Structures are given as C-alpha cells and as structure tokens.
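See structure below.
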Amino acid sequence: MSKDIKITKGLDIKLVGAAEQNTSKAVLSNVYAINLNDFHGLTPKMVLKEGSEVKAGEALFYNKNKEDMFFVSPVSGELIEIERGARRRILSLKILADKKQETLANSILDLENASKDEVKAYLLKTGCWPFILQRPYAIIADPDANPKAIFVSGYTTAPLAADLDYVLQGKENELQAAITALGKLTPGKIHVSVGKSSKSPLAGLSGIELHKVSGPHPAGLVGTQINKIDPINKGETVWTVSPQDLVIIGEMLLTGKYNPQRTIALVGSSVKKPQYYTTKIGTEISTFLYASGVKEERFRVINGDVLTGLKSRQDAYLGHYNNMVTCIPEGDDYEFFGWNKPIFNKISATRALTFSWLQPNKKYDLDTNTNGEHRAFVVTGMYEKVFPMDIFPMQLLKACMVNDLDQMEQLGLYEVAPEDFSLTEFVCVSKQPHQQIIREGLDYLQKEIG
Amino acid sequence: MSDKRLTFKKRLHIIKHHYRGKKMAPAFNALHTFLFTPDETTHSGSHVRAADDLKRTMNTVIMALVPVLLFSMFNAGYQYYAAIDAANGVIREVSVFGNFLTWDNFWIGIIKVLPLVVVSYGVGLLVEFIFAVIKGHEVEEGYLVTGMLVPLIVPIDTPLWMLAVSVVFGVVIGKEVFGGTGMNILNPALTIRAFLFFAYPTWMSGDKVWVHEAVERAGGPDAISGETILGYLAQNNASEYTYSLSDMFFGFIPGSVGETSTFLILIGGLFLIFSKIASWRIMLSAVIGALVMGLMFNGVVDQGWIGDTSKFYGLMSFPFWQHLIVGGLAFGIVYMATDPVTGAQTNRGKWFYGFFIGFLSVMIRVFNPAYPEGVFLAILLMNVFAPTIDHYVIRGNIKRRLKRLKNATVLPKDSEGEEKELQVETA
C-alpha cells in the first residue's frame, strides 16, 4: 500500500549544470581519505598506526564511546597520514592505495535466520553501521536505541541532485538485502519514499511501507517526510539511511565484502560536462573533476549539494555520505547598487524588484555571494512559505540562539536536522546562518539531555 | 566609465580592509554597502543565497511610500491655498491639473515637507551611526523606512526642533535600548509620533495644526481653518465640511502630511502585498476589524440608543466604511501595522493582531474626541500585545506536539527490552 505525500510549501532552486544521464568510470585515485568531519560528534580511537598496511574493509578506527562500532578503509593500501588538528583531534586519514586491491572477506550472515543482535553486531563490525543515521541530533545511529521506524528517501528535490532512479538501476538485490536486515532492527516500519511518477527500484521492495512524494524542495528531504508520515516525539528515535548507502550495506550482506563504490553526479555551472561517474568513497575529487573540465579559475567545490554540502578545496576527497559534487563560481565581488536595482539573474522568494517569479522554469547560474550582509531577524512569515513541517522555524532558531532548552524541546528540535533549515537559510533576508544555529542547538540539547 | 568605476570599487575595497576592526569602520561600511553589495561569500550552510537582503526589503517599502510623499507635497500647498480661499468665502473645487499639480502647491511642499524628511533622516541616521560606532556593530537598515514614515505622520507645521528631539527619543528609547533593529518592541516611527503628541500637547492636539500657517494666523483677521474631517465630526459639526467622498478617497483633504490619499496608500499596499514584503493578513484583518467596529457604532445610532446631542454622535453616525478613507487609518494599516518586528510574527497571530488594530483604531477615534486619530495608539497598544498573541499561537503548536507524544505508543528505550517508562510531560 502506498500513501501519497503532497508538499505545497517550498521552493525549487533550479540551477544550470544538471548531470547528463551518462556514466563514466572515474580514474582510480592514488590516495583515498576519510574526513572525520563527516561523522558529527564522533570521537575516534585509532586501531592502526601511521604506516600500517590495511585491506579494503579492514578497521581503521572505532568510536570511543561505542567501542564495537568500527570504521573501515575504502581501499587496500598504506595508512600514510593521520592529520591532526588542535588538541590532537584527528581531522582526516589518508591511505595510499595499492596497485592490486585486496578486500577483507567477512563471513556471510545468514540473513533469513539472523537475530536482531546478530545483524547489529555484523553491521557494526563490518563498518556498515555509520551509514545509519539517527534523529534526534542528526548523528550516527546509537546501536543501543530502539528506533520506532526507519526512513529511506528515494526522492530527491535538492538543487541538481543525482537522479536516484538512475543511479540505483540494477541494485534491487542489494537494496532488498539491506531492507531485510534493517527490518530486524526496528519494531516499527521501514518507510521508503519515491517520486510520484518514478520507476525507482525501491518501489518494488518487500517489507517496506511505500510513500509517493510530490512537491517542491524540501519534499525530498527525509526530515520533511518524517514530519508528514510519523513525526518524532520526545524520547523517540528514528533512523535514516540514504538509498545509495543501502546498496553498500546490501552488498556487504550478500558478499561479505565492503565495496564503497557508488555512482556520483558531478554537477554545477562551473563544470563543462556535468555527468555521472562511478567511483569510491574517499576518492580524490580531482580524479573526475578534470575529466569533465571546469569553465573558470575561481570556483567552489562543494562536497554535496549547494544547500547542504561541505565547502571543499579542489584537492579534497569525496565525503562519506555524498553522492554528488557541485562546482559553482565564487561570488567574491562587489555589485554596484546591488540592493536596489532590478534583478533578473538570481532566484528570489519575493517580488521586490526581483523577477525570478516571471520565469518559474528558468535555470539560474548562482554564485556564492551572500547578496547582502548579516542582520538581525526582521522579516517574518517568509520562512513559513518554504518550510512544510508543523514547526515554527524562526521561533525554533531563536530558542537555539539563546540556548533555551525548554523551548527547543517544545518547539520540536528533536524532529529536525540542520539540512531541514537549508531552504529557510537560502531565503533569509537577514543572512542568518540557520544550519549552524540548528547544529549548535542540537549539540547543546544532546549535551544537556542526551 | 566602467574603468573608472573599477578603480573606485578597488579603492573602496582597499580602504575597507585597511580600516577593518577600527572604531569608525561601521560608519564607513554603512556608506560602502550603500554603494556596493559586499563581496562576502557564504561560509557555512547554504552555499547560494536568494537575491534579497534587508536593504532591498526596506527599499521596497520606501518605493511604496514615494507616491504618497509626492502627493503630500502637492497637497500641503493645495490645502494652504484652499483654506485661504475658504476664509474669503470661496469654496474650491479640486481639479488635478488645474489647481492641484501646480508649482505653487509644490513649492509649499518643498519648503515645508522636504525639511521634515531631511531632519528625520539626518537626525535618525546620525543616532544610528553613533550607536553602531559605540557598540561596534553594523548600521542596520531599519531606520530607512522609519525615517520616511516619520515626516508623513506629523502635522505639516511641526517645528523642526520638536521633530529632531522626538526622533532622538524615538530611536534611542524606542529602538536602541532594546538592541537596535529587529529587537524593538514598539514601532519606532509611532514612538516618535507618540512622543511628539504627549510631549508637546498644546501644540500637537489643537484643531489648527493640519494646514500650513493655520496656527500662526489663528485669531487674526486672516485666520484660516486647519480642521480635519475627524475634527469636524468630533465636534458634531459634520455639516460644516465640504469635502466630497472622492476628495476623501483621493486625499484632497487636510490631515497629517502623508496620510490623506487613501487611493495612493491602497496602491502602495497592493504593491507591498504583490512584492510579498508586507503581510496581507494584517492588512485584510485590520480592514475587517475597522469595518466591524464601525458597523457596531452605526448600529448603536440606528437603534436610537444615542441621540444627536451626544458628543459621540458625529463620529458614531459616520458611515462605517468611510472610516477607512479619512484620517490615518489606511496609512497606519498599510505601512505601520505591517512592521514585521513589532507586529505579530506568526501567521495566525497576524489575523488577531490586525483585526484588533482596526477595531481599536475606530473605537479610540470615536471615544476620544480630544484626539480623534486613534490608529497610532491602537498600533502601539497591539505592538505591546503582539508577543502575547504569538505566545498563544505557539502554545497551540506546543500542545499539539504534547498531545501527539501522549498518544504515541511508547517503545522501550533500549533494545534489551527493559521496560523503562518514559516520563511524559504534560505541562
């Protein structure tokens, strides 16, 4: 049975540089890296020392607070660098890949008869667990929690997002294996969403509750779907997994091998030939970036989409959860009388001499300029137009800014992740850092209440 | 040309970086961002941002006020000459191109209205700059709109020193002590207006202040009338004024500088709604509120509960919908009630907030014959209550969330199935 979700509030940000449905194999990277910033709030503890040899799928480090949660290497090779920052905090790990790749072969789990604890222990040991995220707090799932449901969003609305229907083609077996395993971890349902008219392989899976979603961004964000399907209450936990990570989990369950390969979209107006590449987690972005070519010298590489991705350097590495890399021009230039002249080449949610409302289907070439300066919250009612959850966005942001725990709880901070505030941040005329405010609020809430 | 601008841009950029962190930097930056949208790029969160900033928002409101300002400059002269004619027994018929849009009229506007605008902006922005420099934050754009509103809501002959004192009071006490733009509780323009009214009551509350020179000439042989329609009504002298309905709607009547033309205010309001800058909810509900209160008063008169000897008769029997086209009600609803900082901030709250502004404006107007212009008091009152309204709207959301929590099937907290009862808060 499928249930339809129709989102009306929101805003589609249509940009130039969508990926053509054409996949190339990216050149193999010499060095692979794991960026610890991808795992928010994690305290890593190294298993291996600098200089050790490691196989693909072999543990590199574990979670200091959950010692059976391992993080594994994407490739076989030599651990050449442990980059540390202030107070010796580990920032990233770099692995020099071997010419001949060796993958650690785990025993294969008997999925049909495995118990909940066996599935859990298997995923923790094999390095697949970190793909499972949880709410509240938007962090890696706590294996001891008892989630009331698991959500998988197979519908993307983010700007220039990879087409999941396309990249998941032929992955039915892996997806089904992962869903079967996850089904044992929750007493509740696994909610899977697909686009209204999509031919996603996700739709044919068994053991799921299928939802057909339509509407503008943020309809595709899993947080929006949770809010509409089964909102999180205080004390409850839900888990979320992205479909491409399900494939990696599924392959592990079927073959016993960790295969961090995924099809990623290289997009954005700075890319000459935006298209799809198959590559591995942790690969150097330059291995495919220059295959497609770039148009200008000053551009920004974003690990992820333009609303939620991580600002990266050109010699950065593909993030652990990302299935896309966006390149857009830097906007570090002044604009003469930019605040009062009519604007035709930028997106706006208003009509204050901004004319994006005239051409709703036009694709824009936006740069990273803030188009204004940071100010106090002034305008009201604007966030609500792009925020479909049953939450007061501005009031929640203010509660986070003043660390008011009662208000944070009451106004629904448990239900959101920073990405849910990416669109309010986009339209904000006061240019407030919404996602950062929500992230700091979540961290504070977790520290105080846990 | 473009080459020159490039070097100018570069030069400003160098100055900006040279003086970064210095005391006067906010003052320089304020002027700089007026010329150039900064070269700042996004650091965290969304990498791209929408085209609008606060300056653009404020500028849109100012654009909606420009027609009103221009009209008021002509009307200042027109009312002056019409009053002189009336004193000589000649009743003028308005003719837009004949006797309204004339240089003579506009000249009165230039010598009387323009100085109000200059003093309002000059003094207000000076205070803003001083505070920005002292507190080391950027100059925020809030005063751009306030500075334009203030000259439009005062009587034409307001002495400039009075205006300057009021502006200082309004900006400091009404806004800066709360932390500046975005933090204030009361609408700064109305705080200035209220200060002017209560600090100089002998000047402000007379019935002669609404037309240029009416006060100076009072009592003399060449005395002219400076009375507004509401003033006539408050004195039960409805038969004495000669303005037609179209005069009232198009604004050829005496009143505060910019409040008279309901027609242009309506156009400005529609522009603000279309551009999605001001809340249509507040405007619509305020109109409804005013109509409801007006109908109730009309009903009282129709029922014969008060006679034409009552001191309220003039205003109570005034047709309910005409309240919208005389006095400052329309101006207040469109430009002042919709201030997002001091108004209700939730969409549902805006309905209540707007409704009570309309409702109370007409009520104050009728019951306070000494000062029939109730709209500024009504908005200030509702400014104070806006957080309370929002509180109850948000309470509703919180209650819904708690109810959901109550009805939820509570799962055991950890996977071992230990039955740990969750504490359900039902505050």
Side-chain angles (χ1 to χ4, degrees), chain A residues 144-146 148 187 231 233-236 300 302 306-307 309 311 328 330-340 343 346-354 366 368-373 375-381 384 392 394-395 410-412 422 425-427 429-431 433-436, chain B residues 5 9 12-13 33-57 59-60 138 140-142 179-183 274-277 279 340-341 343 345-347 350 390 394 397-398 400-402 404-405 408 410-415 422 425:
Chain A
D144 297 332
N146 195 14
K148 73 163 177 174
N233 297 307
K234 184 184 176 181
E236 291 177 341
R300 179 179 293 189
I302 300 161
V306 289
L307 291 180
K311 179 181 174 180
I328 55 170
E330 282 285 5
D332 52 351
D333 196 7
Y334 296 94
E335 192 173 357
F336 189 63
F337 277 139
W339 57 279
N340 61 4
I343 290 186
K346 290 174 189 165
I347 298 175
S348 163
T350 71
R351 299 173 184 147
L353 287 195
T354 49
L366 299 185
T368 62
N369 195 283
T370 51
N371 298 321
E373 290 165 295
R375 292 287 183 260
F377 285 107
V378 170
V379 174
T380 61
E384 284 82 352
F392 284 106
M394 189 166 84
Q395 282 73 15
Q410 292 172 345
L411 292 172
S422 58
E425 183 170 69
F426 176 79
V427 300
V429 297
S430 298
K431 312 293 173 188
H434 293 205
Q435 296 190 69
Q436 192 186 327
Chain B
R5 202 151 78 191
K9 185 169 88 174
L12 286 178
H13 178 79
T33 65
F34 184 79
L35 283 176
F36 291 101
T37 310
D39 60 344
E40 276 169 35
T41 55
T42 49
H43 296 294
S44 73
S46 300
H47 297 267
V48 292
R49 298 293 165 94
D52 323 67
D53 62 354
L54 196 55
K55 274 200 190 63
R56 179 166 291 269
T57 308
N59 187 43
T60 309
E138 297 294 323
E140 306 227 353
E141 287 82 7
T181 301
M183 319 291 176
F274 174 78
S275 59
K276 301 192 183 179
I277 296 297
S279 165
V341 174
Q345 303 187 334
T346 54
N347 284 341
K350 282 172 183 168
D390 282 337
I394 293 166
N397 180 276
I398 292 171
R400 207 157 50 242
R401 190 163 288 114
L402 286 172
R404 204 173 72 199
L405 173 61
V410 179
L411 293 168
K413 188 147 195 176
D414 32 39
S415 49
L422 280 176
E425 281 177 38

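Below, chain A is the first sequence line, B the second, and so on; all start at residue 1. Because the structure is a prediction, the values reported are computed rather than measured.
The parts of Glu335(A) that come within reach of chain B are both its backbone and its side chain, each placing non-hydrogen atoms under 4.5 angstrom from that chain. For a residue to count as touching a neighbouring chain, one of its non-hydrogen atoms must lie under 4.5 Å from one of that chain's; by this rule Glu384(A) touches chain B with the side chain only. For chain A, the nearby part of Ile277(B) is the side chain; its heavy atoms alone come within less than 4.5 Å. Proximity to chain A (any heavy atom under 4.5 Å) is shown, for Ser46(B), by both the backbone and the side chain. For chain A, the nearby part of Thr57(B) is the side chain; its heavy atoms alone come within less than 4.5 Å. For chain B, the nearby parts of Ala352(A) are the backbone and the side chain; heavy atoms of each come within less than 4.5 Å. The contact between Ile302(A) and chain B is made entirely by side chain atoms (from C-beta outward), counting heavy-atom distances below 4.5 Å. Proximity to chain A is limited to the side chain of Asn347(B), based on heavy atoms less than 4.5 angstrom apart.
For the pair Arg375(A) and Glu138(B), the salt-bridge criterion is not met [side-chain N within less than 4.0 Å of a carboxylate O].
Of the listed residues Leu12(B), Asn397(B), Asp390(B), the one with more heavy-atom pairs under 4.5 angstrom with chain A than any other is Asn397(B). Top candidate by heavy-atom pairs under 4.5 Å with chain A, chosen from Ser275(B), Ser279(B), Gly180(B), Gly179(B), is Ser275(B). The choice from Asp333(A), Leu353(A), Thr354(A), Leu366(A) that makes the most heavy-atom pairs within less than 4.5 Å of chain B is Asp333(A). Per-residue counts of heavy-atom pairs under 4.5 Å with chain A were compared for Val341(B), Leu35(B), Thr60(B); the largest is that of Leu35(B). Top candidate by heavy-atom pairs under 4.5 Å with chain A, chosen from Lys276(B), His47(B), Met183(B), is His47(B). Between chain A and the residues Thr33(B), Leu54(B), Thr346(B), Thr181(B), the most heavy-atom pairs under 4.5 angstrom are made by Leu54(B). When Lys431(A), Lys311(A), Gln436(A), Lys346(A) are compared by the number of non-hydrogen pairs under 4.5 Å with chain B, Lys431(A) comes out ahead. For the set Ala51(B), Ser44(B), Gly182(B), the count of heavy-atom pairs under 4.5 angstrom toward chain A peaks at Ala51(B).
Residues Glu425(A) and Pro433(A) meet the side-chain proximity criterion, which asks for heavy atoms closer than 4.5 Å.
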ask   = For Thr368(A) and Glu330(A), what are the C-alpha separation, side-chain angles and deciding distance, and is it a side-chain hydrogen bond (donor to acceptor under 3.5 Å, both in side chains)?
value = CA-CA 5 Å; Thr368(A) 62; Glu330(A) 282 285 5; 2.7 Å; yes

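When all heavy atoms of Asn233(A) and Arg404(B) are compared, the pair lying nearest together is OD1-NE, 2.9 Å. When every heavy atom of Ser430(A) is checked against every heavy atom of Val378(A), the shortest pair comes out as OG-N, 3.7 Å. Smallest separation of non-hydrogen atoms from Glu141(B) and Lys55(B): OE2-NZ, 2.9 Å.
No donor-acceptor pair under 3.5 Å is formed between the side chain of Thr42(B) and the backbone N or O of Val48(B). Counting only distance, with no hydrogens or angles, the side chain of Asn369(A) and the backbone of Pro38(B) share a donor-acceptor pair below 3.5 Å.
No side-chain donor-acceptor contact under 3.5 Å links Arg49(B) and Asn371(A).
Taking the six-membered ring where tryptophan is involved, the planes of Phe34(B) and Phe337(A) are perpendicular, since the angle between them exceeds 60° and thus also 30°.
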